[in-house]
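Structure first, commentary second.
Chain letters run A, B, ... following the sequence lines, proteins first, then strands; residues in each count from 1.
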Amino acid sequence: MATKFEPLSIATKEDFKLGAPVKWCAGCGGHSVLSSVINVLPETGAPKENIVFVSGIGCSSRFPYYINTYGFHSMHGRAMAIASGIKAANPSLSVWIVTGDGDSMAIGGNHFIHIIRRNINVNILLFNNKIYGLTKGQYSPTTPKGSITKTSPEGTIENAFKPGELTMGAQGTFYARTVDSDPKMMREVFAAAAAHKGTSVVEILQNCVIFANQVHKEITGKDVRKDNQIYLKHGEPMIFGKERNRGLMMKCSKMEAVTIGENGITEDDLIVHNAYDVDDTNHYRLVRMELPEFPVAMGVIRAVDSTVFESELYNQVQKAKKESKIKNMDDLMHSGNVFESKG
Amino acid sequence: MATKFEPLSIATKEDFKLGAPVKWCAGCGGHSVLSSVINVLPETGAPKENIVFVSGIGCSSRFPYYINTYGFHSMHGRAMAIASGIKAANPSLSVWIVTGDGDSMAIGGNHFIHIIRRNINVNILLFNNKIYGLTKGQYSPTTPKGSITKTSPEGTIENAFKPGELTMGAQGTFYARTVDSDPKMMREVFAAAAAHKGTSVVEILQNCVIFANQVHKEITGKDVRKDNQIYLKHGEPMIFGKERNRGLMMKCSKMEAVTIGENGITEDDLIVHNAYDVDDTNHYRLVRMELPEFPVAMGVIRAVDSTVFESELYNQVQKAKKESKIKNMDDLMHSGNVFESKG
Amino acid sequence: MAKKNSVIELDEVVVKFAGDSGDGMQLTGDQFSDTSAFIGNDLSTFPDYPSEIRAPQGTVAGVSGFQVHIGHKEVSTPGDQADVLVAMNPAALKANMKWVKDGATIIIDIDNFDNKHYKKAGYVEDPLHDNSLEGYNVVKAPITMLSRNVATSAGLDNKTADKTKNQFVAGLLYWLFNRDIKIGEDFLKQKFMSKPALVKANIAVLHEGYNYAETIEALSTTFHVDPVKGKKGLFRTITGNQATAWGLLAAAEKAGLELYLGSYPITPATEILQEIVKHKHLGAVAFQAEDEIAGISSAIGASFAGKLAATSTSGPGLALKGEAIGLAVMTELPLVIVNVQRGGPSTGLPTKTEQADLLQALYGRNGESPCIVIAASTPANCFNYAFEAAKLSLEHMTPVILLTDSFLANGSELWKIPKMKEMPAIVPPRVEDNAKDFYPYHRDPKRLNRYWAVPGQPGLRHRIGGLEKGDVTGEVSHDPMNHQIMVEHRECKVQKVAEFIPEQEVTGPESGDLLVVGWGGSYGALISAVTDLRDEGKSISLTQFNYINPLPGNTEEVFSRFKKILVCELNMGQFASYLRSKHPRFEYLQYNKIQGLPLFISELKIKFNEVLESI
Amino acid sequence: MAKKNSVIELDEVVVKFAGDSGDGMQLTGDQFSDTSAFIGNDLSTFPDYPSEIRAPQGTVAGVSGFQVHIGHKEVSTPGDQADVLVAMNPAALKANMKWVKDGATIIIDIDNFDNKHYKKAGYVEDPLHDNSLEGYNVVKAPITMLSRNVATSAGLDNKTADKTKNQFVAGLLYWLFNRDIKIGEDFLKQKFMSKPALVKANIAVLHEGYNYAETIEALSTTFHVDPVKGKKGLFRTITGNQATAWGLLAAAEKAGLELYLGSYPITPATEILQEIVKHKHLGAVAFQAEDEIAGISSAIGASFAGKLAATSTSGPGLALKGEAIGLAVMTELPLVIVNVQRGGPSTGLPTKTEQADLLQALYGRNGESPCIVIAASTPANCFNYAFEAAKLSLEHMTPVILLTDSFLANGSELWKIPKMKEMPAIVPPRVEDNAKDFYPYHRDPKRLNRYWAVPGQPGLRHRIGGLEKGDVTGEVSHDPMNHQIMVEHRECKVQKVAEFIPEQEVTGPESGDLLVVGWGGSYGALISAVTDLRDEGKSISLTQFNYINPLPGNTEEVFSRFKKILVCELNMGQFASYLRSKHPRFEYLQYNKIQGLPLFISELKIKFNEVLESI
Ligand SMILES: Cc1ncc(C[n+]2csc(CCOP(=O)(O)OP(=O)(O)O)c2C)c(N)n1
Ligand SMILES: Cc1ncc(C[n+]2csc(CCOP(=O)(O)OP(=O)(O)O)c2C)c(N)n1
Ligand code: SF4
Ligand code: SF4
Ligand SMILES: [Mg+2]
Ligand SMILES: [Mg+2]
């Protein structure tokens, strides 16, 4: 039975709400991400029965239980691989992956880089709380070096992955960063991710109130966020700061954070963000910016068109179907060296 | 029994030769890599009994059987993880990992990025023949897009990883590229890798005569190699070409391949290679250079000092040993809440 | 201090603390256990919490519990049902009423018993007024209010003040069990060492609870449980996971090696990693790997490099480690694989207990890939079997799988502290530097182990790996007969372990009507039920297996002495099926339960009686 | 054409081609098989090659072989020993002498029989002059020289010319077996379709070999094997791996679905992936994943999305897939897992055959995680059992593990091409769009399967996953009794499959002295040996199992009809142990071999006689 699609039914956010209780801790950053996703889904234009949420294991990975779509809560680290199969089976589905920093960067690291390399058209929501939440507080591959956690009583000695940097290393076509406490930014970023054709990686700085409370506070704190974040938008100059008087500029092939008005610097000297630049050198720079030298880059940092795995796959399938004389198994079994025995 | 070390015995290359036959195909690029390694080992200064070769599964991974050191031919993709355990167990060993493009980039991709992130002090020799050799010719994650192989009769549709790019994405401290047909370059590069403290990734463009013969020929062919490779050396300007009149230069924050003498360009305009630059933006550019726009970068592209996992680990161990009053199990079992029962 | 009401002497008592995840019931449970241990009771505990970190407050799914069983005789289980239930809200009451004895004392925080909370808990009617609590001694204390009052006057803010209410409960219980409140104070001083304000406030609330109990009429009787007699020496309480970690540390010390643990966190095994990471001062190194495969692979590397190497996980992780265990079998390296079983299949019931990884441990690898498999049977003897796992692995040069389970891992009991000098010696078959005629697969005929030469040792360079090895030489061999020989060597090596382990013991008469067979973590319930029935004059004995592969040499003989054999396990019959395959001449009756719960003494007694009647 | 010498009529003949990896023996073997099939012989083949790609030339380790057994009666195995051996060099001779019948014809390339080659092959003396070949008909042909001469005059360079020598051998054999050389020419024309120069040169060399044979005196007799009688219809030769791939494709067509294969290359299963990737024109999609875990995970995703999903691997890969198989069990999604067994444990003997993954297939997962397990028993019936695996998986909504082995996978036989319209129907339990009262874990009482609703279908949105599911609703449930019920449902669902599979059959008398029991790929050798002994008048029958879990419903009854039961397998007794656990009332004698080799008819006959004598 081939799958049929109903005429596109305009979904509303009510369509995506489930009666079931959301079992994250009170104050967990997950709650606001969930409502931003529910808000954005109707805007993506996907018929509601075509939307699939796939997750691994972790607090964040409970997500599919809290949203009324097709959902698959799978194995720790394997959501990317399962989603790859879903898309290779049916490219018309709108597939969202919800994963944690442990799920995607530790056990799932390989599937993460491979789905990106293949550029399969899915949206990855990476809840980066820099800790293993569900198993109660061990460090993850994104935990800042030196952090004291249940498995690092003297502080971690491992360097932390930056999901954006790894995405670039794996030739990612879309990477964005956002914050659980900024619904407006989440909504814009999620919509852009959904619109991108290819693997969209969205890193969400999410707060785990229980095991890594305030781990992002230098970036997301109410008092500092305007100075410590830069919300990048394609085509706009790179300005940030409470006073909107700080910016990013290239000097001798290096990027610098500068103040408009000082040393004769004007807005025109600032870099204009080009998210569509095929060459990712600048995006690579942006994703690695760190406090205190730089603000932390937010928004859609890279969004580049490229061939999508499942489209190419079905192009080959269509071509083969058209060109081959073998239309079914009887044809196949009688092709090539067949011997007749008169017995 | 604690392991004791003999006074450093100067090893010769004869020490590393094994009587056993080398079972690679005649003409396989592996043979010349093997002899380059054997040549370089005595120069590393490691006592011969301290050298360990660890490999996964693949043609290349048979390497440990062909060299007289401690050796471990393990599981497909897991050499990096096994080697991590060896180093965490005994940091004084000199550990070399031999792996293939399938072994390290496909099934072993996760361990590859994690050993790099931790910066464990090992040397990884990545035999990149852009094919699965041992299983007889399926495409690998480094196979150029469009290639026809046993599993891609209509050409692959997957983008190829660049090992150097992935190394940067995982925050690698050392990356070099070399060619199986250039013993001098191999020797220099292997020696630099051995000297580097941290994870040294050496990508060797290796020829598989049987399943991907000449896959590197545009880069390594006798007639083109001088024009199509640039052998980078720290502190030297980036010059290449049969006539040594081509070079790399920065223009408007982008790198360009230029000709000395044309448009008034002199050697002084060229970039001077800085392998020690902590900021890896330039290294990232270099590892991604592709023909025909650019020559392919060879030699040590990045070599940056950083903290090494196992050193930090044993610093913590030493500190704990010094500071803790609990010296043995009896102490431990009697620490904290102990109740005496008089029965 | 006002005069006490009547005191009832009890042999044993079971107390269950239950509340929201944030109510601190685990802490009160710990405190109560420690105090009981301090005064010399035997004890066994079991926490029981939801798989969400903070499941929704006030719901049944969100209830977090802690059960303590204390006794003046030996205590083997945390108890089937509670004599005293503390229920911090209606959900806690609802979730636990079926685990409470008739006539039990039920202490509730009346401040949370209102319509909103009833609804959340799924009550249709107010349980305090629908007669459902008839026959129980219900104590309704305004715990939240009083705690908050006291703690805020001691200087805490409202939110922090609310976290002290578990100390009100503790105070109540100190009074109820005639305990010295000083012990509770000391516990708090240690717990909040660096936070004097918290110490002060918590102690104040503790006293408030104590005083409240003394004042009200509701608690007309108090209880007293005498110290255990005959138990002499130094004791501590220990959970299964802690005991496992310590057993490995002890084995390393005995073997003159350092411990290396390569693991990836997974419930309910994570605490083993968390424990070992604390003991760098003993030279132990714990590596939190990127996944289970890297965990075990790194341990194999560490073993090759000469450490006592281990990896700890639970069922899904064991599944991932299968290929690597095969490599350890082939390379004949020592390696301890600890598998803390949880409810399956797949992610299953990750915080619940089960014994369903037995066949996976025995067979979950490609090819003929035998491992030694052993199982611990109480929280404390996890220490001994972890030690034994390491000893067997090191001395026989082959991987050992140690099975424990969620029930043992999180449960705790009173443990008599052993003396290291009395622990058995461990002598790994290391090779001397520059040994003549060293061949990596040369064997000791006694155990069939190969010898262990370690990188860094001069004169012993060699190569190992996963391809079939030539007998003695260890070189890669594709020779047909060699393969046959090597497969047999590996199998015999494991079977020979039977000569180095104790004989299988029977508790109770050596022969008779019914032999109850258990393995691993079900020991407590089985021994209690069997003893009870024997006390009633029934012909019933228990034999609990700790050694699974190989089985003890006298197994067949033990089985032959009983009329009926009943195998009880928390799965669909895995050990029974294994026994059939190894000792097919007996009929194995089965009692199986697979509900994420431990075996209960009561259900076992019913089953045993049923079988006994059929004889 | 000159007149022929005497022609001997044979019922069957076994030819072994052996040489260096580069000598093209596999091609000559294929060509000879196809020609035999063309003239109507039954046949069975088996290639046998080293684990290195091009192992060192001239060494025994580097010998690559191909054995063909042709007959005018039914042929069930590639044959124990050869009637004709082609040895392209001394190493090929050395490696194969023990597999050659007394008096066999041995054709050697005399150009390679010199001291250098003897030494490489490990000969101490010249085998042509040490009497070791006495009693054989040795044909010494200057194969290299003559081939090179002819091919270079046909315009090839020296290196390419040397690659034609296998056609000299082919020519020799066409003459020896009285075959029409036209068939050989056609084979070459098709093989080198796009390279006319190669066609020309190879045909010239083929004729040179033919003419050489005709000319020399050495081949005084030639052989003739009549076409099989009674075999009527269209046939082709097929290997086990190709048959497996085609069986899956056929099942997809019958079920009205498209096939999805998610795999990672691994010897000896890779050809399944390589075959399916060629059939995009049938809508089949093959995904070469980054590892085995991604392979199966993607297949689970594809199954969720409504494809007939499969994954193919060998032992080490199956070990990696254990966790994911558990997820498929829990989510009750259809999934075919093909495991082509090879020599283990660990990397083991990757190019050799074995049957030692049986217990892994049954038990290699955490928790109670039952799978349907079936096994193919001949290269050609891999088609049927792959089809059956898909049918059972789709209709019963649960994963199925199909076991084949290296021997079946690489071996080939003559296969009667089935008609798709005669294949059984496959009806997956799909749910209609917008179905009322859809619950994802609602079951059909007949098979206990749940129903399959697929993303994209309106009105059926639902969520599945690895946590325990609530009965009917499919929502996450931690309820103890629900867990018990669901574990039982999953187990019963698998056991109920027994009602949908054929009864176990016995070949030979329905009762008697000895019942030989086999499973999977050992069929050919077992049926041959059993038939031979029955022809000698012995009371012996065979029952070969293809359905392992569940076992056919009449298994117990079949066993009860014989005095003795002998279980033969290429492992240490895994099926015997499984049978003991399932049907403990019988005594199972065992014949086990674990040498990377298939069972031989000769050794089986000895064993059977031994057992028969003891009755
Ligand atoms: C195979 C396997 N290994 C380990 C686990 C245990 N586990 C569950 S979630 C988790 C990490 C969760 O961290 P993250 O992905 O960051 O999610 P978070 O809970 O922080 O949202 C781990 C280690 C598991 N469920 N399965
Ligand atoms: C778990 C597992 N999966 C798959 C294989 C099969 N396998 C062996 S080597 C290999 C790929 C080899 O490619 P590469 O690493 O590039 O090595 P090369 O042979 O090209 O040197 C594969 C897929 C295996 N041995 N083990
Ligand atoms: S533990 Fe942390 S991540 Fe998990 S639900 Fe609670 S707050 Fe959120
Ligand atoms: S197959 Fe390729 S990589 Fe392997 S040994 Fe031969 S030439 Fe080398
Ligand atoms: Mg996290
Ligand atoms: Mg390769």
Subject >> Candidate pair B/Arg118 and C/Phe287, rule side chain to side chain contact (heavy atoms under 4.5 Å, CB included), full reasoning >> reply: CA-CA 11 Å; B/Arg118 296 192 181 100; C/Phe287 179 74; 3.4 Å; yes
**OP:** Report the C-alpha separation of C/Phe304 and B/Asn90 in whole Å, then their side-chain angles, then the decisive distance to 0.1 Å, and conclude whether the side chain to side chain contact (heavy atoms under 4.5 Å, CB included) test is met.
**Re:** CA-CA 10 Å; C/Phe304 181 56; B/Asn90 184 352; over 6 Å; no
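Looking at C/His281, its side chain never comes within 3.5 Å of a backbone N or O of B/Val317 through a donor-acceptor pair. Although no hydrogens or angles enter the test, the distance criterion places no donor-acceptor pair under 3.5 Å between the side chain of B/Glu340 and the main chain of C/Leu234. For B/Tyr70 (side chain) and C/Gln457 (main-chain N/O), a donor-acceptor pair under 3.5 Å exists by modelled atom type.
No side-chain heavy atom of C/Leu460 sits under 4.5 Å from any side-chain heavy atom of B/Glu49. Side-chain contact between B/Asn337 and C/Phe235 is absent, with no heavy-atom pair separated by less than 4.5 Å. B/Met329 is listed as a side-chain neighbour of C/Trp246, based on a closest heavy-atom distance under 4.5 Å. Side-chain contact between C/Phe383 and B/Met333: present, with at least one pair of heavy atoms (C-beta onward) separated by less than 4.5 Å. Using a 4.5 Å cut-off on side-chain heavy atoms (C-beta onward), B/Tyr65 and C/Leu467 make contact. Residues B/Ser74 and C/Leu327 meet the side-chain proximity criterion, which asks for heavy atoms closer than 4.5 Å.
For the 3.5 Å distance criterion, the side chains of B/His111 and C/Glu290 qualify, holding a donor opposite an acceptor.
Note on B/Ala89, B/Gly71, B/Gly77: by heavy-atom pairs under 4.5 Å with chain C, the leading option is B/Gly71. Note: C/Ala37 leads C/Ala309, C/Ala37, C/Ala250 in heavy-atom pairs under 4.5 Å with chain B. Interface check for chain B: of the options C/Ile293, C/Ile300, C/Thr237, the most heavy-atom pairs under 4.5 Å are formed by C/Ile293. For the options B/Ile67, B/Val54, B/Ile326, B/Val52, heavy-atom pairs under 4.5 Å to chain C are most numerous at B/Ile326. Contact count versus chain B (heavy atoms, under 4.5 Å) is highest, among C/Glu253, C/Glu258, C/Met330, for C/Glu253. Here B/Pro64 is the residue among B/Ser94, B/Ser84, B/Pro64 with the most heavy-atom pairs under 4.5 Å with chain C.
Salt-bridge check for C/Glu292 with B/Arg78: failed, with every basic side-chain N at 4.0 Å or more from each acidic carboxylate O.
With a 4.5 angstrom heavy-atom cutoff, C/Ala324 touches chain B via backbone and side-chain atoms both. Only the side chain of B/Phe309 comes within contact range of chain C, with at least one heavy atom under 4.5 Å from a heavy atom of that chain. Proximity to chain C is absent for every atom of B/Arg117, based on heavy atoms less than 4.5 angstrom apart. Interface remark: B/Lys319 contributes no atoms to any contact with chain C (heavy atom separation under 4.5 Å). Contact of C/Tyr260 with chain B is made through the side chain alone, with heavy-atom distances under 4.5 Å. At a 4.5 Å heavy-atom cutoff, B/Ile57 makes no contact with chain C through either its backbone or its side chain. There is no contact between C/Leu308 and chain B, counting heavy-atom distances below 4.5 Å. Looking at C/Leu414, only its side chain comes within 4.5 Å of chain B, counting heavy atoms on both sides. Contact annotation for C/Asp186: neither backbone nor side-chain heavy atoms come within less than 4.5 Å of a heavy atom of chain B.
Atom CG of B/Leu332 is separated from atom NZ of C/Lys278 by 9.5 Å, given to the nearest 0.5 angstrom. Note that the CG atom of C/Leu282 and the CG atom of B/Asp331 stand 8.5 Å from one another [nearest 0.5 Å]. With rounding to the nearest 0.5 Å, the separation of NE2 in B/His73 from OG1 in C/Thr331 is 12.5 Å. Going from atom OG of B/Ser341 over to atom NZ of C/Lys416 covers 9.0 Å, rounded to the nearest 0.5 Å. Once rounded to the nearest 0.5 Å, the distance linking CZ of C/Arg463 with CZ of B/Phe63 reads 12.0 Å.
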Could you tabulate the donor-acceptor pairs under 3.5 Å formed by side-chain atoms of residues 417-426 of chain C, not counting sequence neighbours?
none

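Counting non-hydrogen atoms of other residues, nucleotides and ligands closer than 6.0 Å to NZ of B/Lys321 gives a total above 12. At most 12 non-hydrogen atoms from other residues, nucleotides or ligands lie less than 6.0 angstrom from CZ of C/Phe38. Surrounding CD of C/Glu475 are at most 12 heavy atoms belonging to other residues, nucleotides or ligands under 6.0 Å away.
Considering all non-hydrogen atoms of both residues, C/Ser297 and B/Met75 come closest at OG-CE, 3.5 Å. The two atoms that bring C/Ala305 and B/Leu93 nearest to each other are CB-CD1, 4.4 Å, heavy atoms only.
Contacts of B/Tyr175 classified as side chain to side chain donor-acceptor pair (under 3.5 Å), with partners at least two apart in sequence or in another chain: B/Arg177, B/Glu203.
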